[in-house]
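Let me begin by presenting the structure, written as structure tokens, before commenting on it.
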Amino acid sequence: MKFSMLTIAATALMAISAEGFAGVNVKNVAFGASSRASKLNMSTVVDTKVSLATAANEARGLAMDSIAAAHSGHMGLPLGAAEIGAVLFGSQMSYNAADPTWINRDRFILSAGHGSMFIYSWLHLAGYDLPLEEVKNFRQHHSMTPGHPEFPNSEHTTPGIEATTGPLGQGVANAVGLAVSEKMAGAVFNTGDHKIFDHHIFALAGDGCFQEGVSAESACFAAHEKLDNLIILYDANEVTLDKMAEYTQSEDVMARYEAYGWETYEIDGHDLESVEATIAAAKASKNGKPKFIKCNTIIGKGVEEVEGTNAAHGEAGVPYVDGARKNLGLPDEKWFVSEETRDFFAGVQGKNKAAYDEWQKTYDSWTAANPDLAKQLTDAVEDNVPSAEELCDSIPELNSGAEASRVSGYKAIQEISKAVPHYISGSADLHGSTRNYIDNGGNFGAGFDKSYAGKNLYFGIREHAMGSILNGIAYHGIFKASGSTFAVFVDYFRPTIRVACLAELNRVSWVLTHDSIGVGEDGPTHQPVETVSGLRVFPNLDVMRPSDAEETLAAYAHSVSRKEGPTALIFSRQNLDQNNDMSAAERRTGTLKGAYIAKKETADLDLIIIATGSEVQHALKVAADMPGARVVSMPCMSLYERQSAEYKESILPSACTKRVSMEAGVTDLWYKYVGTEGKTVGVDRFGFSAPGDIVMKELGMTPENLKSVIDTM
């Protein structure tokens with residue numbers, strides 16, 4: 001439903017908390033008041049409005065000065081959305097700058113990450129530990145203010161950045177993930193006596209974000225699951241980089257979101273009163289609908305020479321900065337912040353701290369009353385997970401016969417879920433095939449048999465949204481989440497995997513099944529040949545393709561215990577033999593090193609067969625009749641590469657150059673291990689439609705073909 005200002009005002013009146021977080025009286029701001037108390041408060045309201053307007057212009061100044069100094073950046077959004085930032089950080093958001101990881105803070109995502117000086121300016125003004133010198137170092141090496149916002153990681157640790165954004169639309173979908181996590185946290189940890197999770201998720205996005213399909217996918221999911229804790233602010237400036245937006249779009253974006261099932265509002269994004277009242281109304285509305293606020297703005301506002309045009313998108317306004325600063329009433333001093341603005345935000349911090357302290361009292365009472373829940377939450381927030389070795393030691397042998405690794409994965413995920421209570425999983429409409437459903441975990445969402453405490457997410461046929469939502473869950477910092485689909489469809493959400501690797505999101509993993517031409521009858525559209533190698537080239541991604549049930553269990557254990565980044569689990573459709581000549585413990589331990597000797601030579605070493613996944617069984621059959629042959633199972637190249645030089649030499653001794661690899665996929669990456677004198681057995685072409693065993697045979701994925709290649713060496 002589209003809301004008028006009159007409706008907004010009425011909703012703000014009915015809100016349980018009619019005052020903005022920093023003390024702005026929403027009732028007064030929206031439409032005035034007649035009571036004596038309101039009249040007494042009017043001067044405070046006027047003073048606050050002046051302070052917010054002043055802060056907005058000074059934030060514009062910070063953005064202009066930093067972009068001009070860097071000769072690089074995007075000036076349009078920080079200038080055009082300044083009033084939105086003033087209201088969010090100066091009034092409507094619940095946060096404590098002194099404790100930027102407070103678990104019940106409101107989250108703000110800048111989906112239009114190119115406008116990064118927006119968030120840097122406001123974090124600095126709001127009192128986060130982002131010094132002015134770092135604002136001045138915008139886009140410089142080792143600064144806290146990189147070109148696009150980066151979630152705290154080993155490269156950047158800027159407080160207040162809640163997500164790595166830049167690829168447009170991702171932040172909108174990430175925000176949906178954070179909203180999922182907040183709903184889930186409330187359902188799992190809140191009690192009838194204590195509410196410790198009740199915050200909102202905000203995202204600021206532009207036309208480019210809404211043109212990208214991932215935002216549409218995630219918006220449908222958010223509405224369907226009734227995520228009314230989510231507020232999207234649409235910076236509607238009618239501009240994209242190349243042209244005015246009308247050149248490439250003619251849809252009514254707000255009507256589209258209303259059709260999805262969102263509650264929609266339209267306001268003047270430069271009118272502080274409208275922005276204040278509308279955000280307050282959106283927060284107060286608990287009707288099961290996510291909120292979409294279209295803020296009509298002027299891109300590059302303040303730089304008259306370019307404002308309102310696509311030229312304002314980037315740094316075209318830099319030559320006019322000095323004149324613009326003067327027109328805004330800013331002094332000649334660059335990066336100027338007035339004492340009045342400093343004082344105003346000191347007051348905001350004080351009010352925020354008071355609310356934070358009240359929450360701490362509630363949290364302490366909750367902890368005393370619910371010690372088991374409190375430990376579960378602490379473990380979740382601190383990511384306290386048993387090591388992969390501990391998990392492997394604690395889980396009994398699977399004692400599997402011949403079975404697909406996706407079936408082994410189903411067994412493994414049940415054990416992992418018991419050991420890691422904050423582990424959740426989901427699928428893009430393929431639970432029945434990917435087998436990652438957590439038994440007795442319940443289903444997440446609204447309606448049907450779902451609840452917000454459910455551990456199984458049904459994403460629908462929305463792989464791209466699934467990837468971004470999983471990242472959002474990881475950003476929220478409570479749960480560990482995995483999502484599944486067929487391996488061949490990973491390209492639908494490959495951009496989200498890249499960001500997860502870059503942001504070092506160890507709380508996210510992917511279950512990718514039907515991993516090769518063994519898929520069979522569905523044909524080449526569903527038979528990945530390049531996909532697994534395509535994932536292996538991502539920096540900071542562990543791609544694990546196990547060869548039997550015990551390797552699969554270890555791969556799962558690794559995926560939930562890894563601290564440095566995400567993991568992709570690659571499972572087969574077809575049955576695999578078990579390497580029962582080795583103990584389960586040996587296979588699990590070897591898997592956690594990325595590669596290990598699956599069959600040791602019984603004579604002088606003269607051949608090494610390196611295989612992974614479904615091809616290890618073939619290597620073992622061939623080597624059984626070759627006393628000098630060693631079989632190395634290599635479920636994870638990157639994990640193997642992190643082992644010591646001594647260990648790697650013990651597995652692949654440099655003295656043995658007669659080597660052959662085997663995998664049902666492209667061969668390029670295997671040359672690193674077989675060398676110039678070795679050979680590869682793989683599939684450097686697309687497959688075809690036929691039963692899986694026939695496809696495998698025709699394309700050489702058999703013991704007989706492997707043996708014939710070895711015989712030529």
Side-chain angles (χ1 to χ4, degrees), residues 19-24 26 29 47-63 66 77-102 104-112 115-132 134-135 144-145 149 158-163 165 171 175 199-205 231-233 235 269-280 282-283 293 295 297 337-338 340-356:
E19 292 199 359
F21 191 67
V24 176
V26 175
V29 171
D47 288 346
T48 299
K49 182 178 178 182
V50 170
S51 296
L52 291 174
T54 301
N57 278 339
E58 291 177 3
R60 287 186 171 100
L62 293 177
S66 293
L77 183 146
L79 275 61
E83 284 78 15
I84 297 170
V87 169
L88 287 172
F89 286 92
S91 169
Q92 286 299 306
M93 283 210 316
S94 175
Y95 64 95
N96 180 5
D99 185 2
T101 59
W102 173 34
N104 198 41
R105 69 193 183 278
D106 286 342
R107 268 63 162 190
F108 173 78
I109 310 296
L110 182 62
S111 184
S116 55
M117 268 310 303
F118 173 91
I119 185 65
Y120 300 144
S121 297
W122 288 111
L123 290 176
H124 172 72
L125 293 175
Y128 285 82
D129 187 16
L130 184 61
L132 188 59
E134 291 295 338
V135 176
M144 296 172 67
T145 49
T158 310
I161 300 299
E162 304 286 4
T165 56
H199 57 269
H200 290 86
I201 312 300
F202 296 88
L204 178 61
I231 300 173
I232 301 294
L233 298 143
D235 178 29
H270 300 301
D271 184 332
L272 286 166
E273 294 179 358
S274 295
V275 176
E276 173 81 30
T278 306
I279 293 177
K283 288 168 56 181
I293 305 175
C295 306
T297 63
V337 180
S338 66
E340 290 79 6
T341 294
R342 297 289 188 200
D343 290 344
F344 172 75
F345 274 103
V348 172
Q349 291 170 41
K351 293 182 176 68
N352 289 359
K353 181 62 163 57
Y356 171 85

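These values consider heavy atoms only, across backbone and side chains, with no hydrogens, waters or symmetry-generated copies.
Within the 4.5 Å cutoff, the side chain of Ser94 has no heavy atoms near those of the His199 side chain. Contact check for Val337 versus Arg342: side-chain heavy atoms found under the 4.5 Å cut-off. With a 4.5 Å cut-off on side-chain heavy atoms, Thr158 and Ile119 do not count as touching. Residues Tyr356 and Asp99 are in side-chain contact: their nearest non-hydrogen atoms beyond the backbone lie under 4.5 Å apart. A heavy-atom distance below 4.5 Å is found between the side chains of Leu132 and Leu62.
Glu276 and Ser91 share a side-chain donor-acceptor pair at under 3.5 Å.
Proximity of a side-chain donor or acceptor of Arg60 to a complementary backbone N or O of Leu79 within less than 3.5 Å is detected. Remark: the backbone N or O of Gly269 is not paired with any side-chain donor or acceptor of Thr297 at under 3.5 angstrom. Side chain of His124 to main chain of Leu130: a donor-acceptor pair is present (N/O by atom type, distance under 3.5 Å, no hydrogens or angles). A donor-acceptor pair is defined here as one N or O able to donate and one able to accept, closer than 3.5 Å; such a pair exists between the side chain of Ser66 and the backbone of Val135. A donor-acceptor contact shorter than 3.5 Å links the side chain of Tyr95 to the backbone of Phe89. Side chain of Lys283 to main chain of Gln92: a donor-acceptor pair is present (N/O by atom type, distance under 3.5 Å, no hydrogens or angles).
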Derivation and outcome, side chain to side chain contact (heavy atoms under 4.5 Å, CB included), residues Val87 and Leu272 = CA-CA 7 Å; Val87 169; Leu272 286 166; 3.8 Å; yes
Please assess Ile279 against Leu233 for the test side chain to side chain contact (heavy atoms under 4.5 Å, CB included), listing each intermediate value before the final yes or no.
-> CA-CA 9 Å; Ile279 293 177; Leu233 298 143; 4.2 Å; yes
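Pro131 is linked by a side chain to side chain contact (heavy atoms under 4.5 Å, CB included) to Asp129, Glu134, Met144, counting only residues two or more places apart in sequence or in another chain.
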